[in-house]
Amino acid sequence: MNHTDHLDETEDGYIKIDRYNEAKIASVANHYKDILGQLGENPEREGLVKTPERVAKALQYLTHGYDLNPAEILKGAMFKEDYSQMVVVKDIEVFSMCEHHMLPFFGKAHVAYIPNGHIVGLSKIPRIVDAFARRLQVQERLTNEIRDCIQETLQPAGVAVVIECKHLCMAMRGIQKQNSVTTTSAFTGEFAKDKTRAEFLRLITANLH
Ligand SMILES: Nc1nc2c(ncn2[C@@H]2O[C@H](COP(=O)(O)OP(=O)(O)OP(=O)(O)O)[C@@H](O)[C@H]2O)c(=O)[nH]1
Ligand SMILES: [Zn+2]
């Protein structure tokens, strides 16, 4: 079986989960039943009977980015266009899971590129953010992967990515800091220039709408 067989293609050719890989769900659920017992719970009590399966499905959803090909998503909507100003997509919601604790980190991504002959369908930017975020991640790698995918696929004059997230592993356990936010950034090409980077940073902090 192909590893993407459990993913449905929607009409516009994009993949989303609405069927699950039953064998994987059953196996992961079995482990979770065991884990519930080890946590001192009774996995047979009414409220928990279906929990292992729910958790398995949730985890499959939260990691379905492994089954997506972000470069192909971008290639699906690249258009020749004579536009060479910065394109900024800001405030893209991010939900990911840290690879150390498998706890959520979440916040916003701001992505920009400067076209070099081609533009990309706007929705593809949040789609690739999701494709990389729906995996076990560290915020730094997530940031770099988004930058590299856009740079290598679209070959623009520059790419900028800023991500700001709260990490639940730092809030609900461990150091227990409820308000700390981690910001990461990655730039290529024209964004190495102070002036260009400053314009991007101004645009993502400006309240224009
Ligand atoms: N750089 C980076 N670190 C992360 C990210 N998500 C979680 N971490 C950190 O990963 C580290 C793992 O450190 P360890 O000392 O092995 O784990 P730990 O004992 O649970 O650490 P504490 O969270 O300090 O209790 C922690 O400092 C987390 O804050 C991330 O996206 N990027
Ligand atoms: Zn963590």
Side-chain angles (χ1 to χ4, degrees), residues 3 16-17 24-25 27-41 48 51-71 73-74 88-113 124-153 158-189 191-192 197 200-201 203-205:
H3 73 300
K16 68 165 195 209
I17 283 195
K24 203 188 282 182
I25 294 298
S27 162
V28 174
N30 239 344
H31 289 292
Y32 267 96
K33 191 172 174 188
D34 192 41
I35 288 168
L36 283 174
Q38 300 211 29
L39 294 176
E41 265 292 356
L48 290 182
T51 295
E53 186 184 334
R54 291 190 196 102
V55 175
K57 285 181 173 171
L59 278 178
Q60 191 176 322
Y61 183 76
L62 296 174
T63 57
H64 77 270
Y66 294 122
D67 291 317
L68 301 177
N69 183 330
I73 291 173
L74 279 188
V88 184
V89 185
K90 70 172 194 171
D91 294 337
I92 302 167
E93 294 97 325
V94 170
F95 289 95
S96 191
M97 276 201 299
C98 85
E99 66 184 20
H100 305 115
H101 303 93
M102 291 182 66
L103 286 172
F105 64 91
F106 58 95
K108 286 177 181 170
H110 314 290
V111 179
Y113 71 98
K124 306 311 174 200
I125 304 272
R127 278 187 189 279
I128 67 156
V129 169
D130 255 12
F132 287 117
R134 298 307 197 166
R135 305 174 185 203
L136 299 184
Q137 276 289 9
V138 294
Q139 190 177 321
E140 293 90 332
R141 188 168 68 242
L142 173 62
T143 310
N144 284 347
E145 284 178 342
I146 296 165
R147 173 200 61 189
D148 293 346
C149 179
I150 298 173
Q151 184 59 50
E152 286 160 21
T153 311
V159 179
V161 181
V162 167
I163 301 185
E164 358 177 35
C165 282
K166 284 192 170 193
H167 290 244
L168 285 191
C169 67
M170 284 176 66
M172 64 189 289
R173 57 158 299 288
I175 191 67
Q176 304 202 32
K177 296 298 174 201
Q178 315 303 324
N179 297 309
S180 71
V181 175
T182 303
T183 303
T184 46
S185 59
F187 303 100
T188 65
F191 288 95
R197 201 163 60 233
F200 166 67
L201 296 174
L203 286 172
I204 65 173
T205 48

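Atoms within each ligand, like the ligands themselves, are counted from 1 in listed order.
The atom name of the N/O/S atom in His101 closest to the Zn ion (ligand 2) is ND1.
With hydrogens and angles disregarded, a donor-acceptor distance shorter than 3.5 Å links the side chain of Gln137 to the backbone of Phe132.
Annotation for Gly107 and Cys165: closest pair N-SG, 3.7 Å, computed over non-hydrogen atoms.
Counting only non-hydrogen atoms, the option in His101, His167, His100 that gets closest to atom 18 (P) of ligand 1 is His101.
Classification of the Phe105-His167 ring pair by plane angle, with boundaries at 30° and 60°, yields parallel.
For a distance bound of 2.8 Å, the N, O or S atoms of His167 include none lying that close to the Zn ion (ligand 2). Metal site remark for the Zn ion (ligand 2): His100 contributes no N, O or S atom at a distance under 2.8 Å.
In this structure, atom 6 (N) of ligand 1 has protein heavy atoms in its sub-4.0 angstrom surroundings. At a distance under 4.0 Å, a protein heavy atom can be found next to atom 20 (O) of ligand 1. Remark: atom 14 (P) of ligand 1 lies closer than 4.0 Å to no protein heavy atom. Within a 4.0 Å radius of atom 10 (O) of ligand 1, the protein contributes one or more non-hydrogen atoms. There is no protein heavy atom less than 4.0 angstrom from atom 27 (O) of ligand 1.
Within the model, atoms CE of Met170 and SG of Cys98 stand 10.5 Å from one another, a figure rounded to the nearest 0.5 Å.
The Zn ion (ligand 2) lies at the vertex of an angle of 130° between the SG atom of Cys169 and the SG atom of Cys98 (rounded to 10°).
Remark: Arg147 fails to qualify as a cation-pi partner of Phe187 under the 6.0 Å distance and 45° angle criteria applied to the six-membered ring.
Side chains of Glu140 and Thr184: a donor-acceptor N/O pair is absent below 3.5 angstrom, by distance only. Gln151 and Thr188 are linked by a side-chain donor-acceptor pair at a separation below 3.5 angstrom, with hydrogens and angles left out of the test.
Here the heavy atom of the protein found nearest to atom 25 (O) of ligand 1 is Arg173 NH2, 2.9 Å. For atom 31 (O) of ligand 1, the closest heavy atom belonging to the protein is Gln139 N, 2.6 Å. Protein heavy atom in closest approach to atom 29 (O) of ligand 1: Met170 CG, 3.9 Å. The protein heavy atom nearest to atom 1 (N) of ligand 1 is Glu140 OE2, 2.7 Å.
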Open item on the list: Using the rule given for side-chain contact (heavy atoms from CB on, under 4.5 Å), can you reason through Glu164 versus Thr182, listing the C-alpha separation, both sets of side-chain angles and the distance that settles it, and then say yes or no?
Closed with: CA-CA 5 Å; Glu164 358 177 35; Thr182 303; over 6 Å; no
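Ligand 1 has no atom lying under 4.0 Å from any heavy atom of Gln137.
Ion pair Arg141/Glu99 flagged as a salt bridge, since at least one NZ, NE, NH1 or NH2 atom sits closer than 4.0 Å to an Asp/Glu carboxylate oxygen.
Around NZ of Lys90, the count of heavy atoms belonging to other residues, nucleotides or ligands within 6.0 Å exceeds 12.
For ligand 1 and Cys169, the ligand atoms under 4.0 Å from any heavy atom of the residue are 7 (C).
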